[in-house]
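Starting from 1, each residue takes its place in the sequence as its number.
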Amino acid sequence: MTEEKDILNEESTEDTEVKEANEDTAVDDVETNTSAEVNEEFSIEDQLKAEQEKVAELEAKLKEAENRMYRLQADFENSRRRARLDLEASEKYRAQSLITNLLPAIDNFERALQMEADSEQAKAILQGMEMVYRSLLEALKNEGAEQIEAVGKEFDPHVHQAVMQVEVEGFDSNHVVEEFQKGYILKDRVIRPSMVKVNQ
């Protein structure tokens with residue numbers, strides 16, 4: 001009987017030791033699992049943070065690239081518009097250099113036509129010159145160039161160049177009294193302003 005009690009005591013002691021060992025192992029396993037989970041959690045948070053930083057960096061680069069693309073597109077549109085406007089202007093004012101070169105000849109015709117003819121021959125020459133002069137003016141008009149009206153008009157610094165100021169009765173203040181040289185305008189561009197005398 002005593003032997004049986006000893007055996008039972010031994011078995012129960014062994015069971016208790018096994019249970020305690022199992023409990024210790026379980027606690028160790030739980031602690032190990034918990035620390036592994038904590039490490040894994042930190043690792044996931046770090047990875048998430050790193051990925052978010054990468055996403056933010058890529059978004060910033062994308063925004064910068066989009067801005068650069070928009071600027072390039074705007075530059076391209078502006079240069080296209082400028083080229084179109086330059087082409088339209090060169091077409092619109094294509095005759096400007098020719099007209100500018102003809103103006104001194106037209107001025108000479110006007111001075112010559114102011115001469116008085118004594119003989120029939122001189123009258124015939126003046127008549128021929130007047131025909132040529134009118135033809136030149138008609139050609140200028142066909143290209144869109146016209147003489148600027150000055151005498152009796154209010155002085156406009158955009159189309160008139162004042163070379164003298166006088167006081168003359170019969171004219172309003174700041175009006176053109178006399179024209180020394182005719183001015184010309186091509187469509188909406190002044191080629192040469194009129195040289196005028198202005199009333200004070």
Side-chain angles (χ1 to χ4, degrees), residues 58-117 121-200:
L58 290 173
E59 283 177 348
K61 284 183 180 178
L62 177 64
K63 194 169 186 178
E64 185 183 333
E66 282 178 348
N67 287 340
R68 196 174 322 123
M69 182 194 71
Y70 289 140
R71 282 194 301 273
L72 286 172
Q73 192 174 9
D75 287 346
F76 176 70
E77 288 298 323
N78 286 340
S79 66
R80 250 179 48 179
R81 186 175 48 80
R82 272 195 305 274
R84 189 184 74 245
L85 290 174
D86 288 347
L87 184 65
E88 287 173 2
S90 67
E91 180 62 29
K92 186 176 182 179
Y93 304 111
R94 67 184 172 3
Q96 181 173 346
S97 62
L98 175 64
I99 292 169
T100 304
N101 292 334
L102 284 176
L103 290 182
I106 292 170
D107 292 340
N108 289 334
F109 268 106
E110 288 170 354
R111 280 190 282 276
L113 291 172
Q114 289 174 358
M115 290 176 45
E116 289 188 24
Q121 188 177 6
K123 286 181 183 176
I125 291 173
L126 278 177
Q127 192 176 12
M129 286 178 65
E130 191 173 342
M131 288 171 57
V132 173
Y133 172 72
R134 274 187 267 141
S135 297
L136 283 172
L137 290 183
E138 190 64 33
L140 293 183
K141 195 171 186 177
N142 290 339
E143 288 298 324
E146 294 181 11
Q147 291 180 342
I148 296 170
E149 292 185 32
V151 177
K153 301 286 181 183
E154 187 175 358
F155 176 75
D156 180 358
H158 297 104
V159 294
H160 301 135
Q161 179 182 351
V163 292
M164 284 179 70
Q165 273 195 329
V166 291
E167 277 191 46
V168 178
E169 290 190 16
F171 284 93
D172 292 336
S173 176
N174 203 34
H175 277 65
V176 176
V177 174
E178 188 180 342
E179 183 179 52
F180 297 118
Q181 186 181 53
K182 289 189 184 296
Y184 289 86
I185 191 165
L186 176 61
K187 296 180 180 163
D188 55 357
R189 182 184 286 179
V190 175
I191 296 177
R192 183 177 79 184
S194 300
M195 290 175 65
V196 295
K197 184 193 291 185
V198 182
N199 196 27
Q200 285 182 336

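Using a 3.5 Å distance cut-off with no hydrogens or angles, the side chains of Tyr184 and Gln147 do pair a donor with an acceptor.
A salt bridge between Arg134 and Glu138 is absent, with no side-chain N of the basic residue lying under 4.0 Å from a carboxylate O of the acidic one. One finds a salt bridge joining Arg68 and Glu64 here, because a Lys/Arg side-chain nitrogen approaches an Asp/Glu carboxylate oxygen to under 4.0 Å. Salt-bridge annotation for Arg81 and Glu77: absent, with no side-chain N of the basic residue lying under 4.0 Å from a carboxylate O of the acidic one.
The distance from atom OG of Ser173 to atom CD of Glu167, rounded to the nearest 0.5 Å, is 9.0 Å. Of the inter-residue distances, the one linking Ile191 atom CD1 with Leu102 atom CG reads 10.0 Å to the nearest 0.5 angstrom.
With sequence neighbours excluded, the residues that form a side-chain contact (heavy atoms from CB on, under 4.5 Å) with Met164 are Val166, Phe180, Lys197. For Ala122, the side-chain contact (heavy atoms from CB on, under 4.5 Å) test picks out Ala117, Ser119, with sequence neighbours left out. With sequence neighbours excluded, the residues forming a side-chain contact (heavy atoms from CB on, under 4.5 Å) with Gln73 are Tyr70, listed by chain and number.
Heavy-atom neighbours of Lys141 NZ from other residues, nucleotides or ligands within 6.0 Å: at or below the threshold of 12.
Taking every heavy atom of both residues into account, His160 and Ile148 meet most closely at NE2-CG2, 4.1 Å. Taking each heavy atom of Ala150 and Val176 in turn, the nearest pair found is O-CB, 3.1 Å.
Of the candidates Leu186, Thr100, Asp107, Ile99, Asp107 is the only one forming a side-chain contact (heavy atoms from CB on, under 4.5 Å) with Arg192.
Contact check for Leu62 versus Glu59: no side-chain heavy atoms found under the 4.5 Å cut-off.
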